> 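Here you go, one structure.
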Amino acid sequence: MNSFLNKNRPLVYCPGCTHEKITTGLDKAFVNMGLDADKIVIVTDIGCSGLFDTFFNVHALHGVHGRALTYAAGLKLADPELNVIVTMGDGGLGIGGAHVLAACRRNLDLTLIILNNFNFGMTGGQYSATTPTDATVGSEFLNQAEIPLDICSIAKSAGATYIDRCSGLDPDLPQKIVRAMQHKGFSLIETLGMCTGRYTKRNKLTPKVIDEIITDLPEMPGAIKENKRSEYGERYRALAKERNVFPEPITIEKQIELEDYLQQEVVILGSAGMRIVTAGEIVCYAGICAGMNVSMKNDYNITVLRGQSVSEIMISPEKIGYPGIESPSVVLALSDEGVQRRSKIFAALKSGTFVLKEKSVDIPETHADIVEIDFKELKIKKQDWALASLGVMAKNEKAINKEMLDYALKSRFNEKLYQIAMETIEKIFQN
């Protein structure tokens, strides 16, 4: 093939824009490598560099600004035989810088071409992450308050295994791209160029000045010896192949037949350390043992060892479309923190709703049926109150029964923990 360029989509860059030279240079690189069109993917994002995917008769993916490398990583991992090239402007570089660092660390076999023309050319010539401090741009003085980043030096420190920097007008650009694409690992080429539509109208930037800028910057030799290591995809697949033992998924078969079971909504109000989430899971397992559909939502602080812990469980014979609890049939009030977190639900509770209140806990006024219990008097530790409250539910046949609870505990715990849990449950049934 003499060219991969799309004859029905002529290049539409501003006259003198370096992007045109880089586009034709990339095309020559593809031709020189003798690649098949169906083995090439160009991934772009927003901006003038984002036009690249439209100019080539190859696979393409156009994504969100700064995120092109994330799509490229997925494509390369899904099909290692693809030649994946990412084009990104200095705008996308600044917006998606974290993804560039991740790509450097990961060393997945991708080629990133950064088209650095020192500004956001598409949106008005605002400053970017690479704009010189003394440049005149469309965002007033903001670039004067920052320093431009040297992406090649950053990429080197982040672990990139191949880095090159050149003028976008370099006649050797096609071969530079070939060398980058042939490298096994993450390759980054920064091309410096002119934005004639915006940047060069206010700033002196010529091919000679670009060459001078490159000379003043640290030289990038291509392959970075100190960063040499295995390509990520190969290493990932090798490590995955070594893993031949995986955790068995929990399978819960229907064990109990229930007749005329109506949807139940259970809210457990507790605090960190009371094993509220575990209790919620056990209620879910109990419902599944009876062939029911279940859902569960949890609410706890990011500081998981302090504050409220709330679990909301729905058990239904029908498919659950919306898991929000609107009319609880069971409320377990086990701590003041949990009650305060859901204090508004108590006013709406109807007569017939089962509310279990630990003696030490205060709850707002409610029309619900309240059962008070003193777990301390039963010598049940606070971290076991949630488990014990499930025993109270089962004893009163509210949402679950003892048989359902027994199956749930056997499904959730190993034999040793099951026996310990049953000791707590038996205290409730013997009381």
Side-chain angles (χ1 to χ4, degrees), residues 250 252 256 258 260-302 304 306-358 361-373 375 385-402 404-405 407-409 411-412:
I250 296 174
I252 304 173
I256 302 168
L258 297 178
D260 302 323
Y261 188 90
L262 300 178
Q263 178 171 299
Q264 301 293 310
E265 299 178 356
V266 180
V267 179
I268 309 176
L269 307 174
S271 299
M274 296 180 71
R275 301 170 182 165
I276 301 300
V277 174
T278 300
E281 291 176 357
I282 293 169
V283 175
C284 287
Y285 283 27
I288 296 172
C289 288
M292 299 294 161
N293 299 289
V294 301
S295 68
M296 178 178 174
K297 296 196 303 178
N298 300 312
D299 173 13
Y300 50 80
N301 285 342
I302 55 172
V304 295
R306 187 181 298 277
Q308 88 287 342
S309 182
V310 175
S311 187
E312 300 180 354
I313 307 99
M314 187 178 294
I315 307 174
S316 175
E318 307 296 333
K319 288 185 177 181
I320 299 171
Y322 171 63
I325 301 293
E326 298 178 347
S327 181
S329 48
V330 176
V331 177
L332 308 179
L334 306 178
S335 83
D336 290 328
E337 287 178 307
V339 169
Q340 290 166 10
R341 185 68 172 178
R342 292 290 191 275
S343 60
K344 293 181 180 180
I345 69 170
F346 287 90
L349 296 180
K350 302 175 183 177
S351 176
T353 301
F354 181 80
V355 174
L356 172 63
K357 184 185 86 68
E358 210 288 323
V361 177
D362 294 322
I363 63 173
E365 290 188 11
T366 178
H367 296 293
D369 301 335
I370 301 171
V371 174
E372 184 175 280
I373 190 166
F375 288 126
W385 285 6
L387 174 63
S389 68
L390 303 188
V392 178
M393 285 174 57
K395 184 178 181 179
N396 289 273
E397 297 195 347
K398 299 298 182 180
I400 62 174
N401 58 38
K402 188 177 183 181
M404 293 168 68
L405 180 57
Y407 275 120
L409 293 173
S411 300
R412 179 62 174 79

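None of the values given here were measured: they were computed from a predicted structure.
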> Please check if the side chain of Q264 supplies one atom and the backbone of I315 the other of a donor-acceptor pair under 3.5 Å.
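Checking the backbone N and O of I315 against the side chain of Q264, no donor-acceptor pair under 3.5 Å is found.
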
> Restricting to salt bridge (charged side-chain N to carboxylate O under 4.0 Å, His left out), what partner residues turn up for K357, sequence neighbours left out?
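Residues passing salt bridge (charged side-chain N to carboxylate O under 4.0 Å, His left out) with K357: E372.
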
> Roughly how far apart are I345 CD1 and L269 CG, rounded to 0.5 Å?
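I345 CD1 to L269 CG: 5.5 Å, rounded to 0.5 Å.
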
> Could you measure the distance from the CD1 atom of I363 to the CG atom of L356? Nearest 0.5 Å is fine.
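The CD1 atom of I363 sits 9.5 Å away from the CG atom of L356.
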
> How close do P317 and N293 get, counting heavy atoms only, and between which atoms?
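For P317 versus N293, the nearest heavy atoms are O-ND2, 3.5 Å.
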
> Got T278 and R412 here, is their nearest side-chain heavy-atom distance under 4.5 Å?
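Answer yes - side chains close enough.
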
> Looking at every non-hydrogen atom in both residues, tell me the closest pair between C289 and I252 and how far apart they are.
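Distance-wise, the nearest heavy atoms are SG-CG2, 3.6 Å.
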
> For residues A399 and M393, report the shortest heavy-atom separation together with the two atoms involved.
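A399 and M393 have their closest heavy atoms at CB-CE, 3.8 Å.
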
> Quick one: list whatever passes side-chain contact (heavy atoms from CB on, under 4.5 Å) with A272, sequence neighbours left out.
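Residues passing side-chain contact (heavy atoms from CB on, under 4.5 Å) with A272: none at all.
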
> Can you confirm whether M314 sits close enough to S295 that some side-chain heavy atom of one is under 4.5 Å from a side-chain heavy atom of the other?
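When only atoms from C-beta onward are counted, S295 and M314 do touch, with a gap below 4.5 Å.
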
> Would you name the heavy atoms of A386 and M274 that are closest together and state the gap between them?
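The pair with the smallest heavy-atom distance is CB-O, 3.5 Å.
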
> Report the residues that fulfil salt bridge (charged side-chain N to carboxylate O under 4.0 Å, His left out) with D369, sequence neighbours left out, ordered by chain and then residue number.
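Here no residue qualifies.
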
> I need the minimum non-hydrogen distance between S329 and T353, along with the two atoms involved.
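Closest pair (atom of S329, atom of T353, distance): O-CG2, 3.7 Å.
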
> Donor-acceptor pair, N401 side chain versus E397 backbone, under 3.5 Å?
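Looks like no, no N/O pair under 3.5 Å.
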
> Please report the shortest heavy-atom distance between N301 and G307, naming the atom on each side.
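In this case the closest contact between N301 and G307 is ND2-CA, 3.4 Å.
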
> List the residues meeting salt bridge (charged side-chain N to carboxylate O under 4.0 Å, His left out) with K402, not counting sequence neighbours, and say none if there are none.
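Residues passing salt bridge (charged side-chain N to carboxylate O under 4.0 Å, His left out) with K402: E426.
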
> Any chance you could measure R275, atom CZ, to I282, atom CD1, to the nearest 0.5 Å?
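So the gap between those two atoms works out to 10.0 Å.
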
> Rounded to the nearest 0.5 Å, what's the gap from OG on S271 to CD1 on I276? Could you check?
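Rounded to the nearest 0.5 Å, the OG-CD1 separation comes out at 7.5 Å.
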
> Taking only residues two or more places apart in sequence or in another chain, which ones pass salt bridge (charged side-chain N to carboxylate O under 4.0 Å, His left out) with E337?
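With sequence neighbours excluded, E337 shows a salt bridge (charged side-chain N to carboxylate O under 4.0 Å, His left out) to no residue whatsoever.
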
> Take a 6.0 Å sphere around OH of Y300 and say whether it holds more than 12 heavy atoms from other residues, nucleotides or ligands.
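No.
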
> Not counting sequence neighbours, which residues clear ring-ring contact (aromatic ring centres under 6.0 Å, His included) with F354? List them please.
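For F354 there are no ring-ring contact (aromatic ring centres under 6.0 Å, His included) partners, ignoring immediate neighbours.
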
